K.L.:
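One structure, as structure tokens, below. Some questions next.
Reminder, nothing fancy here: chain letters follow the sequence lines and each chain counts from 1. Everything quoted here is computed from the prediction, not taken from an experiment.
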Number of protein chains: 2
Amino acid sequence: MARAATTSDAFNAVAEPRRRQILSYLALQERPVGDIVAALSLDQPSVSKHLGVLRNVGLVRVRRDGRHKFYRTNAEAIRPLHEWAGTFERFWRHQLSRVKEIAEEKAKEAQSISKPVVDPQI
Amino acid sequence: MARAATTSDAFNAVAEPRRRQILSYLALQERPVGDIVAALSLDQPSVSKHLGVLRNVGLVRVRRDGRHKFYRTNAEAIRPLHEWAGTFERFWRHQLSRVKEIAEEKAKEAQSISKPVVDPQI
DNA sequence: TTGACATATTCCCATATAAGAATGTAATTT
DNA sequence: AAATTACATTCTTATATGGGAATATGTCAA
């Protein structure tokens with residue numbers, strides 16, 4: 001079996017850096033394809049293809065106006081990703097506090113070496 | 001150019017569902033490879049390969065003990081993902097409030113139809 | 001040393017990419 | 001209708017994948 005399609009879910013879709021750029025660009029305001037091309041200096045077909053992937057997984061929405069198509073990011077679709085990553089938050093907090101503890105222990109050691117047994121308070 | 005390597009960053013690495021499972025499993029406690037194989041019912045070579053990818057991008061750490069290797073997830077490495085997704089939080093909040101507004105407007109309409117012009121307060 | 005156990009690596013294969021180039025399609029203007 | 005503008009699709013190509021099977025490596029035990 002090969003790698004899962006980029007269109008299989010939001011996780012695969014946002015693995016591509018340009019698609020993340022596009023999402024950020026379209027989060028603030030809807031934009032026609034040409035603006036994305038200009039703003040991110042990518043080729044037009046490339047942008048259309050990336051937008052196709054993003055549309056497929058619901059990460060962007062389109063609105064047509066004459067010969068322009070306005071795309072905007074559908075932030076809701078990014079939420080599952082945020083939530084999945086969020087389930088690890090308590091773990092990285094623990095890790096951080098362990099790192100802190102160790103750092104503090106080391107600092108203490110260093111202190112007791114440089115200042116042998118003089119004036120423990122302060 | 002082909003798709004970026006799964007080992008190019010955390011985004012690509014976690015795009016694979018089994019690797020996300022492994023990360024969740026190893027978040028609570030370090031585990032030898034055999035436990036992962038049993039818990040997720042995957043083939044051992046498959047697990048080793050996934051662990052290789054995760055190790056490459058710093059998503060897991062290893063400790064050897066005799067002929068066992070204990071893996072644990074390095075939650076810190078998931079943080080950038082959480083933070084990137086988090087930059088869209090205010091947008092999905094806005095979207096939600098818009099949806100709410102619309103729902104409330106509709107409810108109001110429905111109400112004014114069923115209760116024509118009777119007692120607007122309350 | 002031999003053997004058993006735990007994990008890693010290699011090879012093969014079907015599949016999917018992303019970029020680039022070229023072409024297609026749809027809507028608008030002249 | 002012809003030309004133009006704005007996007008989308010198709011084709012090719014180099015490259016990477018994940019699973020399965022087989023094999024290699026490393027560590028301990030008898």
K.L.:
Which listed nucleotide (D:dG19, C:dT17, D:dA21) is nearest to the side chain of B:Arg18?
P.N.:
D:dG19
K.L.:
Would you confirm whether B:Arg31, through its side chain, and B:Arg72, through its main-chain N or O, come within 3.5 Å as a donor-acceptor pair?
P.N.:
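The answer is no, because no donor-acceptor pair under 3.5 Å joins these two groups.
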K.L.:
Quick one: A:Leu42 CG to D:dC7 P, roughly how many Å, whole number?
P.N.:
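For the pair A:Leu42 CG and D:dC7 P, the rounded distance is 14 Å.
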K.L.:
Between B:Asn12 and B:Thr7, is there a donor-acceptor pair closer than 3.5 Å when you use the side chain of the first and the backbone of the second?
P.N.:
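Side chain of B:Asn12 to backbone of B:Thr7: no pair is present.
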K.L.:
Without decimals, in angstroms, what is the distance between B:Asn12 CG and C:dT17 C1'?
P.N.:
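In whole Å, C:dT17 C1' and B:Asn12 CG are 12 Å from each other.
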K.L.:
Can you classify the ring geometry of B:Phe91 versus B:His94 as parallel (below 30°), tilted (30 to 60°) or perpendicular (above 60°)?
P.N.:
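Correct class here is perpendicular.
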K.L.:
If I take atom CG in residue B:Asp43 and atom C1' in nucleotide C:dA8, what distance separates them, rounded to the nearest angstrom?
P.N.:
14 Å
K.L.:
How long is the line joining CG of A:Asp65 and P of C:dA27, in whole Å?
P.N.:
12 Å
K.L.:
Starting at the 5' end of DNA chain C and moving along, which residue's nearest nucleotide shows up first, A:Lys49 or A:Arg3?
P.N.:
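Here A:Arg3 is the residue nearer the 5' end.
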K.L.:
Rounded to the Å, how far apart are A:Asp9 CG and C:dA16 C1'?
P.N.:
15 Å
K.L.:
Can you find a side chain N or O atom of B:Ser46 that sits less than 4.0 Å from OP1 or OP2 on D:dG19?
P.N.:
yes
K.L.:
Would you kindly give the CG-to-P distance between A:Asn56 and C:dA16, to the nearest whole Å?
P.N.:
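Atom-to-atom, A:Asn56 to C:dA16, this comes out as 14 Å.
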K.L.:
Would you mind reading off the distance between B:His50 atom NE2 and D:dA16 atom P, rounded to a whole angstrom?
P.N.:
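About 18 Å, once rounded to whole Å.
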K.L.:
Would you mind telling me which of B:Asn74, B:Leu23, B:Leu26, B:Val53 makes a side-chain contact (heavy atoms from CB on, under 4.5 Å) with B:Leu59?
P.N.:
B:Leu23
K.L.:
Can you work out whether B:Ala2 or A:Met1 has the more 5'-proximal nearest nucleotide on DNA chain C?
P.N.:
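It is A:Met1 whose nearest nucleotide is closer to the 5' end.
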K.L.:
Output one line per pair: protein atom, nucleotide atom from nucleotides 1-7 of chain C, and distance, for all N/O pairs under 3.5 Å.
P.N.:
from  : atom 1 : to      : atom 2 : distance (Å)
C:dA6 : O3'    : B:Arg67 : O      : 3.4
C:dT7 : OP1    : B:Val33 : N      : 3.1
C:dT7 : OP2    : B:Gly34 : N      : 2.8

K.L.:
Parallel, tilted or perpendicular: which describes the rings of B:His82 and A:His82, with under 30° parallel and over 60° perpendicular?
P.N.:
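Parallel: the ring planes of B:His82 and A:His82 meet at under 30°.
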K.L.:
If you define the side chain from C-beta out and look only at heavy atoms, does anything of A:Glu16 sit under 4.5 Å from A:Thr6?
P.N.:
no
K.L.:
Has the side chain of A:Arg20 got a donor or acceptor atom that lies under 3.5 Å from a matching backbone atom of A:Val14?
P.N.:
yes
